Amino acid sequence: MRELSVYFCSKCGYYGYYQLSKNAVCPKCSAAMTRLPVSYLEFTNLNCQERDELLAKYIISSASPYIQRLILPHKINNNREIIAVLSKEVDQLEEQNEKLNETVKWMHQTIWELVRKQKGLDQPKQEASSKQET
């Protein structure tokens, strides 16, 4: 018995599993379907997104040069992908900025404490608090 193979329609993107290539006719547009160079078992082990990417790759490669030229700007300027990468980078930069601001505040407080100690500005506060206790 023959093993199932995965076929796809290069016109509409429909895919199906067939044993014989003569049975591989698209039920949507009645076009002859093309066999994927991936075994049935490998294809079924892919998750939904991986299947879509694999099918899109083969549909685009089997498409006419005109369609490939139309899709080229989309590949170059894939805005959703660019936005996702930049959003992640912005989040990382905001976290780094927050840490650096905390460090600057700590350094600022430490410097002012040292300046007060050097100039003796802390002593009147200590004297005032000792007078209040007595």
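Remember, it's a predicted structure, so these values are computed and weren't measured experimentally.
- Membership of an apolar cluster is not assigned to V90, as no side-chain contact below 4.5 Å to another ILVMFWY residue is traced.
- Considering only residues two or more places apart in sequence or on other chains, S5 meets the side-chain hydrogen bond (donor to acceptor under 3.5 Å, both in side chains) condition with R35.
- Taking OH from Y58 and OG1 from T34, the interatomic distance works out to 11.5 Å, rounded to the nearest 0.5 Å.
- Sorted by first and then second residue, the ring-ring contact (aromatic ring centres under 6.0 Å, His included) pairs involving residues 21-41 (not counting sequence neighbours) are Y17-Y40.
- Every residue two or more places apart in sequence or in another chain that forms a side chain to side chain contact (heavy atoms under 4.5 Å, CB included) with I111 is listed here: V115.
- With rounding to the nearest 0.5 Å, the separation of CG in L86 from CG in D91 is 11.0 Å.
- Here CG of N45 is found 8.5 Å from CZ of R51. Values are rounded to the nearest 0.5 Å.
- For F8, there are no ring-ring contact (aromatic ring centres under 6.0 Å, His included) partners, not counting sequence neighbours.
- Contact detail for L41 and T44: the closest heavy-atom pair is O-OG1, 2.9 Å.
- Taking Y14 as the reference, nothing meets the ring-ring contact (aromatic ring centres under 6.0 Å, His included) condition, with sequence neighbours excluded.
- Qualifying side-chain hydrogen bond (donor to acceptor under 3.5 Å, both in side chains) partners for E53, counting only residues two or more places apart in sequence or in other chains: Q49.
- Listed by chain and residue number, C9, K11, C29 satisfy the side chain to side chain contact (heavy atoms under 4.5 Å, CB included) test with A31 (two or more places apart in sequence, or in another chain).
- By the side chain to side chain contact (heavy atoms under 4.5 Å, CB included) test, V38 pairs with E42, F43, L54, sequence neighbours left out.
- Taking each heavy atom of G16 and M33 in turn, the nearest pair found is N-CE, 3.9 Å.
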Taking distance alone, no hydrogens or angles, what donor-acceptor pairs closer than 3.5 Å link side-chain atoms of residues 100-110 to residues at least two apart or in another chain?
| unit_1 | atom_1 | unit_2 | atom_2 | d |
| --- | --- | --- | --- | --- |
| N101 | ND2 | N97 | O | 3.4 |
| T103 | OG1 | K99 | O | 3.0 |
| H108 | NE2 | W112 | NE1 | 3.1 |
| T110 | OG1 | W106 | O | 2.8 |

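- L4 and Y7 sit in two unconnected hydrophobic clusters of ILVMFWY residues. Membership requires side-chain heavy atoms under 4.5 Å apart, directly or through other members.
- For Q92, the side chain to side chain contact (heavy atoms under 4.5 Å, CB included) test picks out K88, with sequence neighbours left out.
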